[in-house]
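To keep things clear, I will list the structure first and then write my remarks on it.
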Protein chains: 2
Amino acid sequence: MTRASSRRPGPPTRTERGIPEATVARLPVYLRALTALSDNGIATASSEDLATAAGVNSAKLRKDLSYLGSYGTRGVGYDVEYLRYQIAREIGVTQDWAVVIVGIGNLGHALANYSGFGTRGFRIVALLDADPDLVGERIGDMEVRDFAQLEEIVETDRVSIGVITTPAGPAQEVCDRLVAAGVTSILNFAPVVLSVPDGVDIRKVDLSIELQILAYHEQRKSGEAALPQVPELPAMNGLTDLPSVGGGVGA
Amino acid sequence: MTRASSRRPGPPTRTERGIPEATVARLPVYLRALTALSDNGIATASSEDLATAAGVNSAKLRKDLSYLGSYGTRGVGYDVEYLRYQIAREIGVTQDWAVVIVGIGNLGHALANYSGFGTRGFRIVALLDADPDLVGERIGDMEVRDFAQLEEIVETDRVSIGVITTPAGPAQEVCDRLVAAGVTSILNFAPVVLSVPDGVDIRKVDLSIELQILAYHEQRKSGEAALPQVPELPAMNGLTDLPSVGGGVGA
DNA sequence: TAGATTGTTAATCGATTAACAATC
DNA sequence: TAGATTGTTAATCGATTAACAATC
């Protein structure tokens with residue numbers, strides 16, 4: 001997450017487009033909760049209702065919403081449609097963002113079809129792959145196009161978001177091409193740390209990392225008192241021959 | 001993330017199996033970086049080297065590693081293999097965790113094939129779906145089985161991790177079944193907030209939320225000074241007829 | 001010994017939460 | 001007016017970071 005902005009020193013001047021990252025990450029959750037309430041014909045909701053629907057506590061929700069403005073009514077609650085629109089506008093999904101997906105393997109294929117992706121606010125304008133065997137294949141109502149056409153597509157369709165679903169190997173190169181072509185937001189599914197220049201935002205979705213975090217907690221359940229673990233080892237003395245993990249964790 | 005633990009009050013008694021969540025979330029990243037270094041034949045690395053490979057700063061990396069113990073050598077750095085094993089053990093991927101995937105649509109299908117999933121430490125023991133048309137289908141060397149067999153499979157294979165790749169609708173019910181069957185960690189790809197009892201850990205991967213977070217920042221790039229936005233609206237007065245977002249954001 | 005680098009301390013920053021005055 | 005609920009304040013908690021003493 002890289003942000004090139006002019007921040008003068010001094011007390012944090014809130015209001016100057018300063019919504020905390022943690023709050024930004026929850027706005028889409030609130031948006032979804034509001035949509036669900038709206039679909040159920042609910043016109044008004046209290047912070048408590050909304051918080052329950054979003055899976056957070058109400059204090060946090062009210063604090064989060066307070067960064068956007070005063071959209072509620074004391075003693076009453078929030079108008080669902082009104083708040084939904086305000087949040088959608090704040091996030092920026094009242095307009096449509098053009099997206100390209102690069103790497104049409106299993107995952108890219110799945111994302112191309114994924115309806116949740118078709119969430120209002122985003123439009124997949126191209127599926128790209130460098131493999132000639134894939135180019136031309138139809139997926140839904142789209143056709144896989146040659147990665148070589150990237151620059152042209154980004155310019156024509158004013159693409160600002162790129163999704164990388166290639167293997168780890170080519171991911172950095174793909175990323176560089178995307179950035180050079182003018183893409184300024186990247187969602188990375190490849191299991192590598194990508195580096196991007198300032199001004200380009202990058203987010204990462206990583207399957208095996210999520211599983212490993214679960215494993216960590218899982219380990220601490222089964223064992224409980226049974227595993228005091230980390231048996232206060234003496235400093236290693238050049239010893240490198242340790243029980244092997246088995247060849248290579250990580251993808 | 002629910003943790004049922006006995007925490008006495010007083011100063012934070014570190015060492016009592018208390019690795020901060022933020023650190024836990026980075027351990028898999030370090031593990032992957034170490035594996036990459038190891039694959040490149042690098043035997044020793046400084047915190048600076050490692051931090052670069054992991055995409056963090058070296059102070060944070062050293063602080064994180066300090067929660068695990070003293071695995072480095074002052075003046076020298078870290079033995080790559082040794083540290084890799086220690087982190088793998090701490091995370092719990094020196095053993096194998098049995099995983100079931102529920103919901104074999106596009107995404108479940110992709111995950112079933114996803115090699116990154118096959119990361120050492122995890123073993124997919126079943127692909128489950130309730131749709132009779134899918135049951136029996138072969139995916140790689142596995143066959144889709146009936147969701148009705150869940151309980152049996154969880155018991156037989158001692159499954160502790162469940163991955164939910166169903167649509168939003170059935171996700172909570174699937175989750176309840178998983179929990180009732182004895183699964184205590186869940187990775188949820190369905191765009192809903194799942195509720196689970198204490199003692200069950202849940203993590204969420206949400207495509208459209210990631211895209212929306214990117215959109216938020218993207219919006220603040222293009223516009224910059226051009227969008228003072230949030231035009232200090234008067235409190236709404238029951239007005240519900242606002243420009244529609246278009247039907248429903250969120251899946 | 002001199003140089004390098006860890007492990008830890010302490011300062012700072014950001015996020016969460018409870019509580020309540022403002023106000024519908 | 002009495003009851004409900006927001007928006008905000010202030011306290012607390014956790015995470016990040018710089019700096020450096022310890023030590024190889």
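Note that the coordinates shown come from a computational prediction; the quantities given were computed from them, not determined experimentally. Residue numbers begin at 1 in each chain, while the letters A, B, ... track the order of the sequences.
Counting only residues at least two apart or in different chains, side-chain hydrogen bond (donor to acceptor under 3.5 Å, both in side chains) contacts with residues 163-175 of chain B comprise B:Gln172-B:Asp176.
One interatomic measurement links the two molecules: CG of A:Asp64 to C1' of C:dT16, which rounds to 10 Å at whole-angstrom precision. Between the CG atom of B:Asp79 and the P atom of C:dT6 there is a distance of 13 Å, rounded to whole Å. Between the CG atom of B:Leu65 and the C1' atom of C:dT6 there is a distance of 10 Å, rounded to whole Å. A:Leu61 has its CG atom 16 Å from the P atom of C:dA15, to the nearest Å. Summarising the geometry, the separation between NZ on B:Lys60 and P on C:dT12 is reported as 19 Å, rounded to the nearest angstrom. A:Tyr82 has its OH atom 15 Å from the P atom of D:dT6, to the nearest Å. Put simply, CD on B:Glu21 is 12 Å from C1' on D:dA15, counting in whole angstrom units. As rounded to whole Å, 15 Å separates atom P of C:dG14 from atom CZ of A:Arg26.
For B:Ser38, the side-chain hydrogen bond (donor to acceptor under 3.5 Å, both in side chains) criterion is met by B:Glu81, not counting sequence neighbours. With sequence neighbours excluded, no residue forms a side-chain hydrogen bond (donor to acceptor under 3.5 Å, both in side chains) with B:Ser160.
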Salt bridge (charged side-chain N to carboxylate O under 4.0 Å, His left out), that's the test. Do B:Glu21 and B:Arg26 meet it? Break it down for me. CA-CA 9 Å; B:Glu21 264 305 305; B:Arg26 282 187 295 266; over 6 Å; no
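Between B:Tyr30 and B:Ala54, the shortest heavy-atom contact is CD2-CB, 3.7 Å. Between B:Gln212 and A:Ile91, the closest heavy-atom pair is O-CG2, 3.4 Å. Taking each heavy atom of A:Val183 and A:Val200 in turn, the nearest pair found is O-CG2, 4.3 Å.
Salt-bridge annotation for A:Asp206 and B:Arg32: present, with a side-chain N of the basic residue lying under 4.0 Å from a carboxylate O of the acidic one. Note on A:Lys221 versus B:Asp201: salt bridge recorded, some NZ/NE/NH1/NH2 to OD/OE distance being below 4.0 Å.
When heavy atoms are screened at a 4.0 angstrom cut-off, A:Ala59 is found touching base atoms of the nucleic acid.
Of the side-chain N and O atoms in A:Tyr78, none sit less than 4.0 angstrom from OP1 or OP2 of D:dA4. One finds no side-chain N or O of A:Tyr67 lying less than 4.0 angstrom from the OP1 or OP2 phosphate oxygen of C:dG14.
At a non-hydrogen distance threshold of 4.0 Å, nothing from residues 45-53 of chain A comes into contact with DNA chain C.
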For DNA chain C, please output the secondary structure as dot-bracket, reading 5' to 3'. Pairs are Watson-Crick or G-U wobble, both atom distances under 3.5 Å; mark crossing pairs with [ ], other-strand partners with |, unpaired with a dot. ..||||||||||||||||||||||
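Side-chain contact between B:Val196 and B:Cys175: present, with at least one pair of heavy atoms (C-beta onward) separated by less than 4.5 Å.
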Between the protein and nucleotides 20-24 of chain D, list the N/O to N/O atom pairs that are separated by less than 3.5 angstrom.
from	atom 1	to	atom 2	distance (Å)
D:dA22	N3	B:Arg74	NH1	2.8
D:dC24	O4'	B:Arg74	O	3.4

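For B:Tyr78 and B:Tyr71, the ring centers sit 6.0 Å or farther from each other.
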